Asks: 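Below is one structure. I have some questions about it.
Please read all numbers here as calculations on a predicted model, not as lab measurements.
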Amino acid sequence: MKLLNFRYKGRTCIGEVNDAGEITQFALQDGLIGYMRRGITPQKTSERVNLSDVTLLAPYVPGKIIGVGRNYADHAKELKNELPTTPLLFAKFPSSVIGTGEAIIWRSAHTTQVDYEGELAVIIGKRASHVSEEDALKHVFGYTIANDVSARDLQDSESQWVRAKGLDTFCPIGPVIVSASAIEDPHKLNIVTKLNDKEMQNGNTSDMIFNIPYLISYCSQSFVLEPGDMILTGTPSGVGKAQKPPRFLKDGDVVTVSIEGIGEISNPCKVIEDGA
């Protein structure tokens, strides 16, 4: 099942899209996060609309967004970082969430080294507190694509990553949520990131240092994971900072992240210059 959030004829709706691009709308008024929190199956309506006729929105806005740094060995190596012995966690704010087609925006007064990071995002569907690795996947609602946009100059100059990771628009997600049952193995998915149609990242989730059950269990030992919370599972090698010379995002660039079985999310970049 592929779920999405969209705008059609002035209304915000949720629905399920099939492989032919036909959307079946749901009779649910409080959005996908309400569906997750209540643990119910929304009632389908008779309304149908084509994907090409709607404006896609971010699937929902998570309560918590938990990032995992350096979770791919090749990525840690390319940035000359030591491999973590435990998950390196950070947070992004809900206000950083945007959907496909929306612009990643930053002010040149704040940062001039903005980077992309294509990632698989795990969405929690059942409250998780002190869960075991064996039971962890029972708490997963589904998966989506994320771009963990990062301001590298802020990341390098500040001991905390709050600004580097949490600026507004720095967490594109979507375009759909694929139910957990539709992904046979989340650790066998190709991730590709393109910058203006040039391939920059090409990895596979099998290369994670800490797999998804471990991450869920690890996080749940310290804080409860609520339905709708999201874990960004790390990025493979090929980020802009590691290019020779570094290739940071610029005004007018377009970043596209695709993950097999889910789809692709694409976002233009917009820089607000000093004094604008």
Asks: Near Glu82 CD, under 6.0 Å, is it more than 12 heavy atoms from other residues, nucleotides or ligands?
Replies: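 It does not: Glu82 CD has 12 such atoms or fewer within range.
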Asks: Same cluster for Phe93 and Ile98 if Ile/Leu/Val/Met/Phe/Trp/Tyr side chains link at under 4.5 Å?
Replies: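 No, no single cluster joins them.
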Asks: Are Asn50 and Ser52 linked by a side-chain donor-acceptor pair shorter than 3.5 Å?
Replies: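 No donor-acceptor contact under 3.5 Å links the two side chains.
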Asks: Tell me every residue that passes ring-ring contact (aromatic ring centres under 6.0 Å, His included) with Phe210, counting only those two or more places apart in sequence or in another chain.
Replies: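 Phe210 satisfies ring-ring contact (aromatic ring centres under 6.0 Å, His included) with Tyr214 once adjacent residues are dropped.
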Asks: Are the side chains of Glu16 and Ser179 in contact, using a 4.5 Å heavy-atom criterion?
Replies: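 A side-chain contact is absent here, since even the closest heavy-atom pair is not under 4.5 Å.
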Asks: Using side chain to side chain contact (heavy atoms under 4.5 Å, CB included), reason through Ile216 and Ile124 one step at a time and then give a plain yes or no.
Replies: CA-CA 9 Å; Ile216 293 171; Ile124 300 298; 4.3 Å; yes
Asks: With a 4.5 Å cut-off on side-chain heavy atoms, are Tyr60 and Val97 touching?
Replies: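 Of all side-chain heavy-atom pairs linking Tyr60 with Val97, none is under 4.5 Å.
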Asks: May I ask you to test the Thr12-Asn5 pair for a side-chain heavy-atom distance under 4.5 Å?
Replies: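 Yes - at least one pair of side-chain heavy atoms lies under 4.5 Å apart.
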Asks: Rounded at 0.5 Å granularity, tell me how far NZ in Lys241 sits from CD in Gln113.
Replies: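 Rounded to the nearest 0.5 Å, the NZ-CD separation comes to 7.5 Å.
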Asks: Would you name the heavy atoms of Ser95 and Asp168 that are closest together and state the gap between them?
Replies: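 The pair with the smallest heavy-atom distance is OG-OD1, 3.6 Å.
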Asks: Do Tyr8 and Ile23 make a side-chain contact, defined as non-hydrogen atoms from C-beta onward lying under 4.5 Å apart?
Replies: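 When only atoms from C-beta onward are counted, Ile23 and Tyr8 do not touch, as no gap falls below 4.5 Å.
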Asks: Pairs under 3.5 angstrom only: tabulate donor-acceptor contacts from the side chains of residues 224-240 to other protein residues two or more places apart or in another chain.
Replies:
from   : atom 1 : to     : atom 2 : distance (Å)
Asp229 : OD1    : Lys64  : N      : 3.1
Asp229 : OD2    : Lys64  : NZ     : 2.7
Asp229 : OD2    : Glu226 : N      : 2.8
Thr233 : OG1    : Leu120 : O      : 2.7
Thr235 : OG1    : Gly118 : N      : 3.3
Thr235 : OG1    : Gly118 : O      : 2.9
Thr235 : OG1    : Gln201 : NE2    : 2.8

Asks: Would the distance check show the side chain of His139 and the main-chain N or O of Lys126 forming a donor-acceptor pair, the cut-off being under 3.5 Å?
Replies: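 Here the side-chain-to-backbone pair exists.
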Asks: First locate atom CZ of Phe170, then atom CH2 of Trp106, and finally report the distance between them rounded to the nearest 0.5 Å.
Replies: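 These two atoms lie 6.5 Å from each other.
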Asks: Does anything in residues 197-213 form a salt bridge (Lys or Arg N to Asp or Glu O under 4.0 Å)? List the pairs, not counting sequence neighbours.
Replies: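 Not a single pair qualifies under salt bridge (Lys or Arg N to Asp or Glu O under 4.0 Å).
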Asks: What side-chain donor-acceptor pairs closer than 3.5 Å can you find for residues 261-270, not counting sequence neighbours?
Replies:
from   : atom 1 : to     : atom 2 : distance (Å)
Ser266 : OG     : Thr256 : OG1    : 2.9
Asn267 : ND2    : Gly99  : O      : 2.9
Asn267 : ND2    : Glu102 : O      : 2.8

Asks: Working to the nearest 0.5 angstrom, can you tell me the gap between Glu119 CD and Thr193 OG1?
Replies: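 Atom-to-atom, Glu119:CD and Thr193:OG1 are 9.0 Å apart.
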Asks: Which value, rounded to the nearest 0.5 Å, describes the distance between Arg48 atom CZ and Thr45 atom OG1?
Replies: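 Taking CZ in Arg48 and OG1 in Thr45, the distance rounds to 6.5 Å.
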Asks: Check step by step if side chain to side chain contact (heavy atoms under 4.5 Å, CB included) holds for Tyr72 and Thr205.
Replies: CA-CA 9 Å; Tyr72 286 71; Thr205 55; 3.7 Å; yes
Asks: If we check side chain to side chain contact (heavy atoms under 4.5 Å, CB included) with Leu3, which of these qualifies: Leu32, Thr144, Val178, Val176?
Replies: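 It is Leu32, the one option of Leu32, Thr144, Val178, Val176 that forms the side chain to side chain contact (heavy atoms under 4.5 Å, CB included) with Leu3.
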Asks: By the salt bridge (Lys or Arg N to Asp or Glu O under 4.0 Å) test, which pairs, at least two apart or in different chains, include something from residues 137-154?
Replies: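 Of all non-adjacent pairs touching residues 137-154, those that pass salt bridge (Lys or Arg N to Asp or Glu O under 4.0 Å) are Lys92-Asp148, Asp115-Arg152, Glu117-Arg152, Asp135-Lys138, Asp148-Lys165.
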Asks: Going hydrophobic residue to hydrophobic residue with side-chain gaps under 4.5 angstrom, can you get from Val122 over to Leu137?
Replies: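 Yes.
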Asks: When you look at CZ of Arg7, are more than 12 heavy atoms from neighbouring residues, nucleotides or ligands closer to it than 6.0 Å?
Replies: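 Incorrect, the count does not exceed 12.
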Asks: Between Tyr116 and Val255, what is the shortest heavy-atom contact and its length?
Replies: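 Residues Tyr116 and Val255, closest heavy atoms: CB-CG1, 3.9 Å.
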Asks: Do you know the tightest heavy-atom contact between Ser217 and Ala136?
Replies: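 In this case the closest contact between Ser217 and Ala136 is N-CB, 4.5 Å.
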Asks: Could you tell me which non-hydrogen atom of Pro59 sits nearest to which non-hydrogen atom of Pro175, and how far apart they are?
Replies: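 Shortest heavy-atom separation between Pro59 and Pro175 comes out as CG-O, 3.9 Å.
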Asks: Val68, Ile145: one ILVMFWY side-chain cluster at the under-4.5 Å cut-off?
Replies: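 Shared cluster, yes.
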Asks: If Ile, Leu, Val, Met, Phe, Trp and Tyr residues are connected whenever their side-chain heavy atoms lie under 4.5 Å apart, and connections chain through other members, are Leu89 and Trp161 in the same group?
Replies: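 No; Trp161 is not reachable from Leu89 via cluster members.
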Asks: What verdict does the side chain to side chain contact (heavy atoms under 4.5 Å, CB included) test give for Asn18 and Thr24, after you've listed the backbone C-alpha separation in whole Å, the side-chain angles of each residue and the deciding distance to 0.1 Å?
Replies: CA-CA 8 Å; Asn18 62 24; Thr24 300; 6.0 Å; no
Asks: Please lay out, stage by stage, how Arg247 and Asp253 fare under the test side chain to side chain contact (heavy atoms under 4.5 Å, CB included).
Replies: CA-CA 11 Å; Arg247 173 57 165 95; Asp253 281 343; 2.9 Å; yes
Asks: Minimum heavy-atom separation for His75 to Arg70, with atom names?
Replies: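 Reported closest heavy-atom pair: CD2-CA, 4.3 Å.
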Asks: Distance from Leu189 atom CG to Tyr143 atom OH, nearest 0.5 Å?
Replies: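 Answer for the CG-OH pair, Leu189 versus Tyr143, is 8.5 Å.
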Asks: Within a radius of less than 6.0 Å around CD of Glu260, do more than 12 heavy atoms belonging to other residues, nucleotides or ligands occur?
Replies: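 It does: Glu260 CD has more than 12 such atoms within range.
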Asks: Are Phe6 and Val17 packed together at the side-chain level, in the sense that at least one heavy-atom pair is separated by less than 4.5 angstrom?
Replies: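 Sidechains of Val17 and Phe6: no contact.
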Asks: Just how far is it from atom CG of Leu83 to atom CG of Leu88, taken to the nearest 0.5 Å?
Replies: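 Reported value, rounded in 0.5 Å steps: 12.0 Å.
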Asks: Is the side chain of Thr100 donor-acceptor paired with the backbone N or O of Gly174 at a distance under 3.5 Å, no angle test?
Replies: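 Not a single qualifying donor-acceptor pair exists.
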Asks: Report yes or no: do Ile212 and Phe141 belong to one cluster of Ile/Leu/Val/Met/Phe/Trp/Tyr joined by side chain heavy-atom distances under 4.5 Å?
Replies: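 No: no chain of side-chain contacts under 4.5 Å links Ile212 to Phe141.
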Asks: Restricting to side-chain hydrogen bond (donor to acceptor under 3.5 Å, both in side chains), what partner residues turn up for Ser108, sequence neighbours left out?
Replies: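 By the side-chain hydrogen bond (donor to acceptor under 3.5 Å, both in side chains) rule, Ser108 matches Glu273, Asp274.
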Asks: Of all heavy-atom pairs between Ser220 and Val131, which one has the smallest distance, and what is that distance?
Replies: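 Answer, listing the atom of Ser220 first, then Val131: OG-N, 3.1 Å.
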Asks: Look only at the side chain of Asp251 and the backbone of Val271, and say whether a donor-acceptor pair between them is shorter than 3.5 Å.
Replies: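 Answer holds: yes.
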Asks: Using side-chain heavy atoms (C-beta onward) and a distance below 4.5 Å, is Ile105 in contact with Leu167?
Replies: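 No, too far: nothing below the 4.5 Å cut-off.
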